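This report concerns only the one structure given below.
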Amino acid sequence: MKILLKGGRIVDPSQNIDSTMDILIEGDTISRIENTIDPVAGAQVFDLKDKVVSPGLIDMHTHLREPGFEYKETIRTGSEAAVAGGFTAIACMANTEPVNDNRSITEFILKQARLADMAHVYPVAAVSKGLKGKTLAEFGELKDAGAVALSDDGNPVEDSGLMKNALEYAYSLGMPVISHCEDKGLASGGVMNEGLVSTLLGLQGIPNIAEDIMTSRDIAIAGYTGTSVHISHVSTAGSVRAVREAKKMGIKVTAETAPHYFALTDDALKGYSTDFKMYPPLRSREDTEAIMAGLQDGTIDAIASDHAPHSTIEKDVEFDYAANGIIGLETSLSVSMKLVDEGILSLGQLIEKMSTNPAAILKIPKDTLQKGATANITVIDTHKVWTVDSERFRSKSRNTPFQGWQLKGKAVLTIVSGKVKYSEMG
Amino acid sequence: MELSKKDILDIGDLSVEEINLILDTAESLKEISTRKIKKVPTLRGKTIINLFYEASTRTRTSFEIAAKRLSADAVNISTSTSSVAKGETLIDTAKTLESMSPDIIIIRHSASGAPHILARLLQQSVINAGDGKHEHPTQALLDMMTLREKRGSLEGLKVAIVGDIAHSRVARSNIHGLTKMGAEVALCGPVVMMPRHIEKLGVTVHHSMEDAIRGVDVIMMLRIQFERQGTNTFPSMREYSKYYCLTGDRIRLAHDDVLVMHPGPINRGIEIAPDVAYGPYSVILNQVTNGVAVRMALLYLLAGGK
């Protein structure tokens with residue numbers, strides 16, 4: 001099987017390339033990348049004039065719900081949603097049922113991903129057994145089984161001593177630890193950001209410091225032990241400041257945010273729609289601006305969707321009772337394109353935050369557009385205007401805060417290991 | 001003038017004209033409750049459902065009496081004896097009730113925003129009878145009616161609202177209503193009971209009761225919401241009442257003919273001393289009486305001409 005990508009604008013921050021070139025894919029590999037490649041016998045040709053050819057995008061933070069919650073999402077539907085959103089690889093968190101804290105669950109996830117045969121799926125295993133924050137999971141065995149990173153995502157590792165041991169032990173194995181920063185005492189009972197809007201709506205607020213304090217704690221532990229830590233879903237100005245300062249001091253900290261933390265504020269909750277309920281909660285204008293500044297100056301390394309599917313059983317209820325989480329695989333790139341439109345990031349920087357950097361943080365093979373590399377490629381139509389309609393999503397769930405939004409820019413062709421997994425190319 | 005709204009969910013959403021219309025209507029309907037035969041045929045053939053997910057004496061009874069005085073059929077659903085106890089969701093319950101063609105559904109719920117879910121879902125009018133910590137619009141309306149009755153106008157009245165502001169839906173509705181109608185509102189309570197950025201709603205914030213009530217025309221005491229307190233919000237009831245109980249001594253700091261209000265039910269001796277609750281300044285029972293009139297007005301305005 002041969003695929004010829006003709007006339008696209010190649011934007012590859014992994015090698016600092018931004019120019020018009022052709023790419024020939026043979027089997028699962030990029031066999032040629034040259035200014036002009038003449039038609040090759042038997043090759044499927046895509047005319048990519050005015051389109052951007054990017055190394056495959058990587059979403060480093062998703063929840064695929066399998067095993068245990070297959071009515072919300074499966075590895076198959078989740079990875080179908082991934083390729084539809086332009087992602088050739090995704091990492092999935094450990095809060096399944098049973099929890100991914102042992103070899104058999106990691107192996108099961110990888111097997112389901114192979115059967116689905118859509119995006120590459122990289123399991124993130126639990127830091128603590130059962131996500132209970134008491135005893136460490138067997139990192140080494142999990143690594144051998146194929147887990148790429150460790151996280152109790154959905155829960156913080158509350159015990160600072162356990163977190164210190166986790167960072168040290170994982171560091172010796174070369175495994176990244178991803179931290180969900182939440183001080184449970186401060187966040188207790190909260191269902192949205194604490195501020196004027198929570199006061200008006202009469203909903204219990206979660207103060208920014210619930211996140212800031214844990215971000216600072218994790219940075220302190222990483223700094224003290226000389227290990228590294230990755231801060232998940234950064235939503236507050238305080239977290240951005242803490243990460244920025246830590247990086248200046250040479251502490252090995254990386255950070256990600258999600259599109260909703262720069263595209264939405266807690267104003268969206270007026271009306272009590274549970275499609276705007278997630279943890280951490282949507283914050284204030286001051287926070288969204290700090291997030292964008294953090295993306296711009298490199299404090300925040302990555303954008304990940306925190307794709308968290310829930311069914312109407314969890315979401316069609318009173319706001320207080322609704323589950324936290326929104327889906328994002330099929331909107332993440334397009335919502336993030338607004339950063340390019342507004343001049344906050346160059347297209348190359350956006351791709352860096354959605355492909356090159358996540359790969360480096362997770363220490364997985366980076367997607368790159370060069371001869372001999374695995375052909376994981378995302379083609380983006382930066383001009384395409386489309387309207388979000390959750391009924392058309394590949395995901396099993398519909399809990400998007402972007403329903404009805406008109407967005408500019410979309411993945412129109414997703415190639416995973418040399419195979420077309422998603423195409424809007426007619 | 002007619003009320004152009006389908007639902008009454010929050011005071012925050014009502015205009016000054018709409019509030020005046022409701023209060024004027026309530027004043028004219030109040031007389032019905034003083035008649036020998038306390039019933040008019042205005043809402044004959046209309047069905048009103050009281051859907052209460054939280055305990056209530058005065059609000060539920062008040063709505064029921066209001067409906068009956070207007071000849072509507074009132075049905076009460078208490079969640080402990082309905083399918084809700086079997087785990088039926090709010091949305092499923094609402095759809096079931098809708099299929100029985102009521103005209104107005106009145107809901108009280110411990111979750112803020114629950115009435116908004118119903119209002120979005122149902123053709124029928126929805127009245128919020130108190131939702132979580134959000135709003136209790138009929139309480140604020142009856143409070144405003146009582147003040148207007150006693151003082152002629154709300155314009156320029158100095159009102160102190162004292163107690164657990166953070167957990168109080170009565171406080172939120174009254175802050176919106178009173179400030180809209182031109183009153184000056186001072187809030188008072190310990191910092192842990194003051195919701196963030198509340199001063200942006202055009203009120204002053206005090207932590208000393210003496211400062212807050214000095215020279216005011218109205219003191220509105222709030223019930224300590226035992227059921228909504230988290231852990232360790234304040235050390236003890238004893239300590240709370242030491243600083244924030246409205247006693248005969250404290251009341252002398254206020255204006256000579258101060259009005260004392262309380263939405264009920266009162267915690268005797270905790271936020272209000274019994275002799276103050278039933279003393280000469282108290283209008284607590286007038287509030288209850290006006291509650292029926294205000295609710296009659298809302299039922300009439302929402303279902304009357306239709």
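All chains are named by letter (A, B, ...) in the order of the sequence lines, taking the proteins before the strands, and each is independently numbered beginning at 1. Here the structure is a predicted model, which means the values were calculated and not measured.
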Geometric class of the A:Y272/B:H134 ring pair [parallel <30°, tilted 30-60°, perpendicular >60°]: perpendicular
Between [atom1] of [X] and [atom2] of [Y], what distance do you get to the nearest 0.5 Å?
{"X": "B:I91", "Y": "A:E318", "atom1": "CD1", "atom2": "CD", "result": "7.5 Å"}
{"X": "A:L201", "Y": "B:D10", "atom1": "CG", "atom2": "CG", "result": "9.0 Å"}
{"X": "B:H116", "Y": "A:K270", "atom1": "NE2", "atom2": "NZ", "result": "12.5 Å"}

How about [X]: does its [atom1] atom have over 12 heavy atoms from other parts shown lying under 6.0 Å from it?
{"X": "A:R241", "atom1": "CZ", "value": "no"}
{"X": "A:E286", "atom1": "CD", "value": "no"}
{"X": "A:K132", "atom1": "NZ", "value": "no"}
{"X": "B:K158", "atom1": "NZ", "value": "no"}
{"X": "B:Q123", "atom1": "CD", "value": "no"}

If every non-hydrogen atom of [X] is compared with every non-hydrogen atom of [Y], which pair is closest and at what distance?
{"X": "A:L200", "Y": "B:H176", "result": "CD2-CE1, 3.6 Å"}
{"X": "A:G271", "Y": "B:R120", "result": "O-NH1, 2.8 Å"}
{"X": "B:R172", "Y": "A:G202", "result": "NE-CA, 3.8 Å"}

Any residue of residues 195-207 of chain B which, by heavy atoms, sits under 4.5 Å from chain A: B:P195, B:R196, B:H197, B:I198, B:K200, B:L201
Intermediate values then yes/no, side chain to side chain contact (heavy atoms under 4.5 Å, CB included), A:L203 and B:S112: CA-CA 6 Å; A:L203 293 172; B:S112 301; 3.6 Å; yes
